[in-house]
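Report on the following structure.
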Amino acid sequence: MTAPRPDSSERSLQRDDSLEPTGAATIDVPDDLIIPPKPPLPPLAVSEPEPEPAPDVETEPEPEPEPEPEPETEPEPDAPVATVTEQDAFGALWTDTREGDVDAAVPALVVEHLRKGFGATTAVADLSWEIAPGTFYGIVGPNGAGKTTTLSMIAGLLRADAGTIRIHGVDIRAHEREAKRLIGVLPDRLRTFDRLTGRQLLAYAGLLRGLRGEVVDERVAALARALDLTDALGRVVSDYSAGMTKKVMLAAAMIHAPRLLVLDEPFEALDPVSAGVILDILRAYTAHGGTVVLSSHGMDLIERVCDRVAILAAGQLLAEGTVVEVRGESTLAERFVEIVGAGGEAEGLEWLHTFSG
């Protein structure tokens, strides 16, 4: 008879002594495979809340000490009250022509043996004279007498064939730039930058003469007021009338306060009011030591405003001196006709009285 077989539960509880390890087993691990322990994390920093700023405490400002009253001064007795007129303010522009700046011993203009020809035509033949500072000098003559040619050579716009021109002692041929600084020119043929406005043209003329910007602005304003151009300064010169163009060109000639003004027909196309204003300006200019040399066909005007006069014909100087000396016992116009001649004849024009059509 066989012994009974234990069931599965019993078999599982039995220990197999054959599987017991006989000794502790050891495993060799290389050093490079050993992972070192991680260092402990630092403790978290806890930021303490910033203290709230203390509220501003309003403090009353300390009262400023009251200034001590200044002792009252009584006005000087009989103090004259200064009044400035428009002409006085305009005359103050002539900084380079004030009395004392000009040497009266040196002539403002010297012309010696001046000659100029155009081909076979002699425009100026052996012309000589001199003008003292502060003189209002007029040149008259018939058409083609050489007036414009003479003034153009004096102003340096035309080179003479022979002769000498000196402006306040400066030879215009040897020192042209220095001499031209002393001259303001109003030419007969008004060629200018007429696409500029009046203000731009005057500013350009002033800056070209080396004036500072603030001086240019001051003088442009004074010239515009004196010549009644203030409302026209913003318009281009090509839109000006003939008289307004003449006035803005005259202003450009005067803006740098020259010692000598050379004006060719300055009153042509001007109304009587404008002509009168310009005459007043030129009188103030000569009173401050400036010199004016102008040409004109207006004998009455020359006789009325000029100190001295020269009569030219065919490029020659026929008469020169004070107005009283040149005209003698007659008027300047009568003396002019007497010296120059009566001109052309009116005979042979009977056909003009027949009227066509």
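In this chain, numbering begins with 1 at the start of the sequence shown.
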Check: [Y] and [X] side chains under 4.5 Å, non-hydrogen atoms:
X	Y	result
R181	E176	no
I278	F267	yes
L233	T197	no
S295	V140	no
V293	I139	yes
L223	L229	no
T291	Y285	no
L127	L312	yes

Could you please spell out the steps behind the side chain to side chain contact (heavy atoms under 4.5 Å, CB included) verdict for R327 and E303? CA-CA 9 Å; R327 75 184 181 186; E303 188 173 3; 2.6 Å; yes

Which pairs pass side-chain hydrogen bond (donor to acceptor under 3.5 Å, both in side chains) with one or both residues in residues 121-140, sequence neighbours excluded?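 Residue pairs with at least one partner in residues 121-140: H113-D126, Y137-E320.
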
Do E265 and K246 sit within salt-bridge range, that is, some charged N less than 4.0 Å from a carboxylate O?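 Answer for the salt bridge query: no.
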
Residue pair [X] / [Y]: nearest heavy atoms and the distance that separates them:
X	Y	answer
K116	A160	CD-CA, 4.4 Å
D161	G117	OD2-N, 2.8 Å
I281	A226	CD1-CB, 3.9 Å

Might you work through the salt bridge (Lys or Arg N to Asp or Glu O under 4.0 Å) test for R335 and E338, ending with a clear yes or no? CA-CA 5 Å; R335 182 60 175 160; E338 181 182 340; 3.0 Å; yes

Output yes when a side-chain donor or acceptor of E178 lies under 3.5 Å from a complementary backbone atom of H175, and no otherwise.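 Absent.
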
Would L202 and V248 count as a side chain to side chain contact (heavy atoms under 4.5 Å, CB included) if you check the C-alpha gap in whole Å, the side-chain angles of each, and the deciding distance to 0.1 Å? CA-CA 8 Å; L202 295 180; V248 77; 4.1 Å; yes

Let me see the working for L182 and L260 under side chain to side chain contact (heavy atoms under 4.5 Å, CB included), right down to the final yes or no. CA-CA 6 Å; L182 306 174; L260 174 66; 5.7 Å; no

Let me see the working for R173 and T164 under side chain to side chain donor-acceptor pair (under 3.5 Å), right down to the final yes or no. CA-CA 8 Å; R173 185 186 291 269; T164 303; over 6 Å; no

Is V170 reachable from I172 through a run of I, L, V, M, F, W or Y residues, each pair having side-chain heavy atoms under 4.5 Å apart?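 In one cluster with I172: V170, yes.
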
Can L151 and L263 be said to form a side chain to side chain contact (heavy atoms under 4.5 Å, CB included), step by step? CA-CA 8 Å; L151 294 180; L263 312 177; over 6 Å; no

